[in-house]
Number of protein chains: 2
Amino acid sequence: MPAEASTSRTPSPPLTERQEARRRRILHASAQLAGRGGFDAVQMREVAESSQVALGTLYRYFPSKVHLLVATMQDQLERMHGTLRRKPPAGDTAAERVAETLMRAFRALQREPHLADAMVRALTFADRSVSPEVDQVSRQTTAIILDAMGLDDPTPEQLSAVRVIEHTWHSALITWLSGRASIAQVKIDIETVCRLIDLTTPER
Amino acid sequence: MPAEASTSRTPSPPLTERQEARRRRILHASAQLAGRGGFDAVQMREVAESSQVALGTLYRYFPSKVHLLVATMQDQLERMHGTLRRKPPAGDTAAERVAETLMRAFRALQREPHLADAMVRALTFADRSVSPEVDQVSRQTTAIILDAMGLDDPTPEQLSAVRVIEHTWHSALITWLSGRASIAQVKIDIETVCRLIDLTTPER
DNA sequence: CGCTAATCTAGAACAAGTTTCAGACTTGAT
DNA sequence: ATCAAGTCTGAAACTTGTTCTAGATTAGCG
C-alpha cells in the first residue's frame with residue numbers, strides 16, 4: 001500500500017521514523033483542536049504544545065496555519081476515500097451514485113462540524129502559496145467523484161461537470177457552515193448539480 | 001432612486017452628512033488598497049489613516065476587516081448591477097444570457113484582480129457574525145442572475161439552479177484567483193453550469 | 001447660547017500568526 | 001567513535017487584527 005500517496009507531490013527527502021511520528025502528532029493535535037472550536041481554535045502555539053513540538057518545528061513542517069489545516073484535510077480525505085471504497089454507493093445512475101456519495105460525506109462532516117469548518121475555511125482561504133496542496137485535495141475529491149460515477153476515462157465534458165460539482169460541493173458546505181443554508185438546502189443543491197451528469201453521460 | 005437600498009437590512013439611525021462622508025471615504029480607501037495587493041494589503045491601520053479616521057472609528061463603522069470587505073463588495077456589486085441593467089445581455093436562451101452576464105462580470109473582475117481577491121476571499125472566509133451582510137450580497141447576486149434570465153417569479157426548481165450557479169460562480173472565482181484554474185476554464189465551468197437552466201426551464 | 005449624550009481621536013494594550021536566534025540534540029558518513 | 005550538517009528547542013521579537021481608555025468634538029435640544 002502506498003503509505004505516502006499524498007506526499008508524491010513533493011519528492012521531499014524521506015522522513016525518519018521520529019519525524020514521521022512528529023508529523024503525525026501534529027496532524028492529530030490539529031484535528032483534535034479543530035474538532036472543538038473550528039478554525040479559530042486551532043492556534044499554532046497550542047498545536048505545538050499539544051503535539052510536543054517547538055513552535056519553530058511546527059512551522060518547519062507546515063509553513064502556515066492554512067498549510068497545516070489543508071494537510072489535515074488531505075489526511076481526513078484519504079481516510080474517507082478508503083471508507084467510501086469499502087461501501088460503494090448503490091444508485092442506478094451515475095448521478096444518483098455521486099449524489100449519494102457526497103451526501104454520505106456530508107453526513108460524516110455533520111458529525112464533526114467544527115472540524116469541517118476549520119478544513120473548509122482553510123481550503124477556500126488558501127492563497128497561491130498553498131496551491132499545490134489545495135490542488136492535491138481537489139484531485140482527491142475528483143477521484144472520489146469519478147469512482148462514484150464508475151468511470152475510467154471521462155470525456156472533457158464529464159470532467160467539466162465534475163468540476164462544477166466540486167464547486168457546488170465546496171460552496172454549499174460554506175453556506176451551511178456559516179449558517180446561511182440548511183442541511184436540506186445543501187441536499188437539494190447537490191442533487192440539482194448532479195443532474196448535470198445525466199446531461200453529459202447519456203445513460204444507456 | 002433608493003440610495004440606501006442596501007442599508008434596508010438594518011434600520012440603523014440615519015447617518016449625518018459627515019458620517020455618510022466618512023463611510024464613503026472608508027469604503028473608497030478599502031477598495032483602493034485592495035486594488036493593489038488584495039486581501040493582505042487591506043490593513044486596518046492603513047485604511048483608517050487613508051480615510052482620515054481614527055482606528056476606533058473605523059471599527060465602529062465596520063466591526064471587522066471581513067465586514068469591511070464584504071461591505072466593499074456590496075458597494076461594487078450595486079455599481080455592477082446598474083451597469084448590467086443598462087446593457088442587458090442579448091442571448092436567445094436564458095442559459096446564454098446568464099452565462100453572458102456572468103462572463104461580463106468576470107471580465108470586470110479581471111480588470112481588478114487584486115480587488116476581486118480581497119472581496120471574494122472575505123466573502124468565503126466570513127463566519128456567522130457576517131451572515132446578514134453575506135446574505136445581502138447573495139441576494140444581490142441572485143437578483144442579477146434572475147434579471148438575466150428574465151424571470152419574475154421563478155419556480156423552486158429554478159431557484160435551486162440559480163443557487164448552484166452562484167456556488168459555481170464563487171468557487172470558480174476562487175480557483176482562478178489562487179491560480180489553480182485558467183480564465184478559459186472558468187468560462188467553461190460557467191457555461192457548463194448554466195446548462196442547468198435549460199434543464200429546469202423548458203424553452204418554449 | 002449652554003447642556004448632555006453620542007461620537008470621534010490618539011494612542012496604548014492585547015491576541016495570535018509568523019519569524020528569528022542561540023544553543024542542544026540527531027543523523028549519517030567517515 | 002568522531003565530526004559536520006542538519007534538525008529541534010525555548011524564548012523573544014515582530015506584525016497586524018482587535019479592544020480599550022481618556023479626553024476632545026459634535027449634534028440635537030431646551
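Letters go in sequence order (proteins before strands), and every chain restarts at 1.
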Inset, instruction - Kindly compute the distance separating CG (Leu146(B)) from CD (Gln158(B)), expressed to the nearest 0.5 Å. - result: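 Separation between the atoms: 8.5 Å.
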Legend entry - Pairwise distance CH2(Trp176(A)) to CD1(Ile183(A)) - rounded to 0.5 angstrom: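 Interatomic distance, Trp176(A) CH2 to Ile183(A) CD1, rounded to 0.5 Å: 6.0 Å.
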Inset, instruction - Output, in order, the C-alpha distance, side-chain angles, deciding distance and verdict of side-chain hydrogen bond (donor to acceptor under 3.5 Å, both in side chains) for His167(B) and Thr168(A). - result: CA-CA 5 Å; His167(B) 288 321; Thr168(A) 302; over 6 Å; no
Inset, instruction - Would you jot down, in residue-number order, the residues of residues 112-131 of chain B having a non-hydrogen atom under 4.0 Å from DNA chain D? - result: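 DNA chain D contact set from residues 112-131 of chain B: none.
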Inset, instruction - Under 4.0 Å from any atom of DNA chain D, heavy atoms only: list the residues of residues 36-44 of chain B that qualify, in numerical order. - result: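 Here the set is Val42(B), Gln43(B), Met44(B).
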Counting just side-chain N and O atoms, does [X] come under 4.0 Å of either OP1 or OP2 of [N]?
X	N	answer
Arg45(B)	dG17(D)	no
Tyr61(B)	dT7(C)	no
Gln19(A)	dC8(D)	yes
Thr57(B)	dT9(C)	yes

Inset, instruction - State whether the number of non-hydrogen atoms from other residues, nucleotides or ligands found under 6.0 Å of Glu20(A) atom CD is greater than 12. - result: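 Correct, the count exceeds 12.
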Inset, instruction - Could you check Leu55(B) against Arg22(B) and say which one's nearest nucleotide on DNA chain C is further toward the 5' end? - result: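 The answer here is Arg22(B).
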Legend entry - Among dG17(C), dT19(D), dA27(D), the one nearest Tyr59(B) by side-chain distance: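 Between dG17(C), dT19(D), dA27(D), the one nearest the side chain of Tyr59(B) would be dT19(D).
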Legend entry - Options dA27(D), dG17(D), dT9(C), nucleotide nearest the side-chain atoms of Lys65(B):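 Out of dA27(D), dG17(D), dT9(C), the nucleotide with an atom closest to Lys65(B)'s side chain is dG17(D).
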Inset, instruction - Determine the contact category for Gln52(A): base if any of its heavy atoms lies under 4.0 Å from a base atom, sugar-phosphate if only primed atoms, P, OP1 or OP2 are that close, otherwise nothing. - result: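 Sugar-phosphate only.
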Inset, instruction - Give the C-alpha distance, both sets of side-chain angles, the deciding distance and a yes or no for salt bridge (charged side-chain N to carboxylate O under 4.0 Å, His left out) between Glu157(B) and Arg195(A). - result: CA-CA 12 Å; Glu157(B) 260 204 327; Arg195(A) 293 219 248 157; 2.6 Å; yes
Inset, instruction - Report yes if some heavy atom in the side chain of Val162(B) is under 4.5 Å from a heavy atom in the side chain of Met149(B); otherwise report no. - result: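 Yes, at least one pair of side-chain atoms sits under 4.5 Å.
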Can I get a per-line list of side-chain donor-acceptor pairs under 3.5 Å for residues 28-42 of chain B, giving both atom names and the distance, sequence neighbours left out?
| residue | atom | partner | partner atom | Å |
| --- | --- | --- | --- | --- |
| Ser30(B) | OG | Thr72(B) | OG1 | 2.9 |

Inset, instruction - Tell me which of Arg18(B) and Val66(B) sits closer to the 5' end of DNA chain D, going by the nucleotide each one is nearest to. - result: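 With Arg18(B) and Val66(B) compared, the 5'-side residue is Val66(B).
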Round to the nearest Å and state the distance from [X] atom [atom1] to [N] atom [atom2].
X	N	atom1	atom2	value
Arg25(A)	dC8(D)	CZ	P	11 Å
Arg60(A)	dT18(C)	CZ	C1'	15 Å
Arg23(B)	dT7(C)	CZ	P	15 Å
His67(B)	dG17(D)	NE2	P	16 Å
Glu17(A)	dC8(D)	CD	P	15 Å
Glu49(B)	dA10(C)	CD	P	10 Å
Phe62(A)	dT18(C)	CZ	P	13 Å

Legend entry - CA sep, side-chain torsions, deciding dist, call: Arg18(A), Thr16(A), side-chain hydrogen bond (donor to acceptor under 3.5 Å, both in side chains): CA-CA 6 Å; Arg18(A) 305 185 55 190; Thr16(A) 73; over 6 Å; no
Legend entry - Test: Arg22(B) cationic atom under 6.0 Å from Tyr61(B) six-membered ring centre, within 45° of axis: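 Not satisfied by the 6.0 Å and 45° rule.
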Inset, instruction - Have a look at Ser138(B) and tell me which of Glu133(B), Glu166(B), His170(B) forms a side-chain hydrogen bond (donor to acceptor under 3.5 Å, both in side chains) with it. - result: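 For Ser138(B), the side-chain hydrogen bond (donor to acceptor under 3.5 Å, both in side chains) test succeeds with only one of Glu133(B), Glu166(B), His170(B), which is Glu166(B).
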